[in-house]
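Structure first, commentary second.
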Amino acid sequence: MKSLTTALGLVCLASMATAESHATDKPVLSVLTYDSFTSEWGPGPAVEAAFEATCGCDLQFVGAGDGAALLARVQLEGGQSDASVVLGLDTNLTAQAAATGLFASHGVTAPNALPVAFDDPLFVPFDWGWFAFVYETAKLPTPPRSFPELAASDLKIVIQDPRSSTPGLGLLMWVKAAYGDKAPELWADLADNIVTVTPGWSEAYGLFLEGEADMVLSYTTSPAYHLIAEEDAGKAAAAFDEGHYMQVEVAAKLASAPQPELADQFLAFIATDAFQSVIPTTNWMYPAYPTAETLPEGFEQMIAPQTSLLLSAEEAFALRTQALDEWRAALSR
Amino acid sequence: MLHLDHLDMGQGAFSLTADWQLAQGSRLAIIGPSGAGKSTLLSVIGGFLAPRAGRVIWDGQDITAAPPAARPITTLFQDQNLLPHLTIAQNIGLGLSPSLRLTAKDHRRIDDALDRTGLAGLGPRKPGNLSGGQQSRVALARALLRQRPILCLDEPFAALGPALKTEMLGLLAALADETAATVLMITHDPADARAFAPLTTLVAEGVAHPPTATAGLLDAPPPALAAYLG
Amino acid sequence: MARRPVTLIAGGLAAVLLALLLAPLAVLGLRADSVALSGADLAALRFTLLQAAVSALLSVLLAVPVAKALARRRFVGRGALISLLGAPFLLPTIVAVLGLLTVFGRSGWVNDLLGALGLPQVSIYGFHGVVLAHVFFNMPLAVRMILQGWQAIPAERFRLAASLGFGPAETARHLEYPMLRAVLPGAALVIFGICLTSFAVALTLGGGPRATTVELAIYQALRFEFDLGAAARLALLQLAICALAFALATRFTVPSAFGAGKDAAGGPPAPAGWRRGADGVCLLLAGLFVMLPLLAIALRGLPGIMTLPPQVWAATLRSVVVALASTVLAMGLAVTLALAAARTRRVWPGLVATLPLAASSLVLGTGLFLIALPLTRPADLALPVTVLVNAMLALPFVYRVLAPEARSLEADYGRLADALGMIGFARLRWLILPRLARPLGFGAGLVAALSMGDLGVIALFASEQGATLPLLVQRLIGAYRMDTAASAALLLVSLSFALFWAFDAGGRRYAAS
């Protein structure tokens, strides 16, 4: 079994190639988050540098797929996680998260800057955004101003599947929050506008950029990326009269945190300028706490919906199964 | 001495038994109708097929469970005696070392075997470039080098013309004499049996009969053989 | 007869593989109470079976004329075309889907052309889109497997056919049909298995919740509902379907018994006349079908390829190491199991080597994660687990490529090798490697490239460091950097293909020497 020995050798080599230097005496604070937060282009590196400058610790982000995967990961690990903090759940998942009993309450008292009242004993918001349909201004001079207008048009949209993606679940809640019992009819009207439903945000946004659809479900701040990073002013988010559903992303301390003090310190750090000022141009969302400086240039061009919709965590959780069934029934016809 | 001790070589409904001995240095022709089990008999002796019951004994040693290569036997098959991707010299060399770790002495022995079988100079060629007769010679050359006391031949020359076949039998006889090998050879041709093998076993109706003198058997064939000879 | 060591080793490996497949299910299943399949699950099951069956049938049926044309025609670029046929299969899903959309999408090349000609547009979204994508992925793979079958017919048989005055119809009936009976069921089985666990392709091109597969239901159960028991049940269902499909395929497979040739040159006859033209059209259409989306991917990624961020290179190195390690592991497994199947003539090696096809990588990853959790930090195991899972998931393909040839090898030369005492390394070195060089090279190329491209389970285990190239592509897209992602994806595809080509061509060259 020469081949097996060689394979094992290669595996060892591969492990060594990734072995991190643990040769520090500093305590390690492990933060479980979604992949794009910790990626080279996300907020992770800047946040890490800023926090480590003050905490005398080694902050390590552990990526775990997407937002939905996070909660699953926490539940899988039960009380045995290395992580002290989980960062990246959204309010559609927090009721379920709270019910696991795996999270501890935080002591952050700083007033947040969310456009709606938000106060949760377990979860600290770290950024937020409005869901919106993004389009190309050159191709679509007069975008629809509401769901019914969109449904009545022959515009094509790409959305995400609520069963596998958090934006998809957000849209489900948006429609439910705006239309309540009328949601099934709206979905039925929208059915012929939907080109396809993708498993995640990446596929949907990719399809939109390839010209497969006129609009894609994303965030009101998505055009800011194109404007600021690519100097492309050709994308915009359509403002809907019903108001826009919010995604509030939150962090929390695990009850089993190996480093409870550092975890508290990190949650408090989230509310500071050092963390918040990183958010707009890395996560392309709005800061959840006031920042010293105004938002980067370009953000002022983003639409600012008059009405912000947000179901409470309990409502969202209670409505999910029914809303999903309605969605599936309407689109399966 | 080769001793087939109450061998039962059946498979499913097919049945074949043998219970006899053959003295060292004998040459035995195996004759009988198609499908009677001639190849099965050689497969069991050669170790490619396990018998249902009974033992194969050589010189007092039970070799029934020995793997083919550990038996004192070289088998020449009907075809596929050579590996087409190896050279003639390598094919012969496998008889000396299955891992082809060949010493200078081995190479000299291979060259010598090539000479003896009339294949001088063909060592570097591949089997695909050789005629049928030449390929048979390669197999014989390897048998020569292996020097096993028993040679089992499953009609390796069946595809050759009469003249070539006679020539091969002559070569085989010379090799067998030289190594004092015991030879068991399946044949369809009574003339081959008369020319080459003083003893013959008739395989028919589920029995491999004890060897008898070839001439007597062929001159006064029992009914089963008579029917086969026509 | 004493059992041969290879059979014992294969038995041990098979037991380990089965344990690796079933232990995750057990770990998941133990954690929840059992509920029956819901109506939605049943609908998903129906759709999954239908699309997988149609995709598999269509892929192999379309592959036959293409493989036939490739087997009997010689032309400039034939080798390159055969190599390129390996490419679609190796593409990461999202890259392939975007490539397909550039050609067949709403504003793709085909629709542009139709529009320019004043013809109605075609939509890729729906059941037919799912099938189209699966055929794009798998038809070329089927071509390669069938072509191998054609090449395994000894030239002597074609000479015999010629001497008997066989026309194309008789050759088809007496030589090609028996070969296809031996090869097609296996090829169809493999493709059915791949499509069985399709999830992103089916959903994205399926157009909506109608196109829900069992794998998506598993995803939902694991990620949103944290119903581990449901996920385990659905994963078991997939394995059961795969086992059933294996039984069916085995039932329909009739091993061809062409016997051995003497490695003479020459292949199937190449009739002139309209058949020549038809072969040309076949090859052209298949070539375009495969090449256009690849071209689209290349065009999309080329501009940024020189300015890729430095992280890409570290990730690339990591991916290559993972791919090579997976290759060594998978080849060791596949050769051992294929030889055991050939020697023992039993079905268990084939079944064990086929089941990973239907293993949900999500369930596999989650189960292994749960098993690893009490023992160590999962992040430390990211790469070894990725190597293991990639090797397991690639095993069915390599096995399918190797098994028929190992079987002929054993039938043709097994007795001779036994008689000469060629066992262990000697048999490997002087019989198996030279006789199986072609399928070994092809198989190793498949594993290497598949492991390069597969996200597999790494997402669950990955830490801040240690990202592989596919994960990096995913992260780039997640950070809106579509152009950089396209370039990184092109790098990924090129490297996968280079690895595939190196092994594949290496095997062919070694076999020819």
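Hydrogens, waters and symmetry mates play no part in the numbers below; they use all other heavy atoms, side chains included. Chain letters run A, B, ... following the sequence lines, proteins first, then strands; residues in each count from 1.
Neither the backbone nor the side chain of Arg429(C) has a heavy atom closer than 4.5 Å to any heavy atom of chain B. Of the atoms belonging to Leu82(B), it is backbone heavy atoms, and not side-chain ones, that fall under 4.5 Å from chain C. Contacts between Leu86(B) and chain C at a heavy-atom distance below 4.5 Å involve the side chain alone, from C-beta outward. Looking at Leu431(C), the atoms closer than 4.5 Å to chain B (heavy atoms on both sides) sit in the backbone and in the side chain alike.
Here Phe77(B) and Phe48(B) bring their ring centres to under 6.0 angstrom of each other.
A 6.0 Å sphere centred on CH2 of Trp150(C) holds more than 12 heavy atoms belonging to other residues, nucleotides or ligands.
Judged purely by distance below 3.5 Å, without hydrogens or angles, the side chains of Arg142(B) and Thr117(B) never pair a donor atom with an acceptor atom.
Using a cut-off of 4.0 Å between Lys/Arg side-chain N and Asp/Glu carboxylate O, Arg400(C) and Glu405(C) are scored as not salt-bridged.
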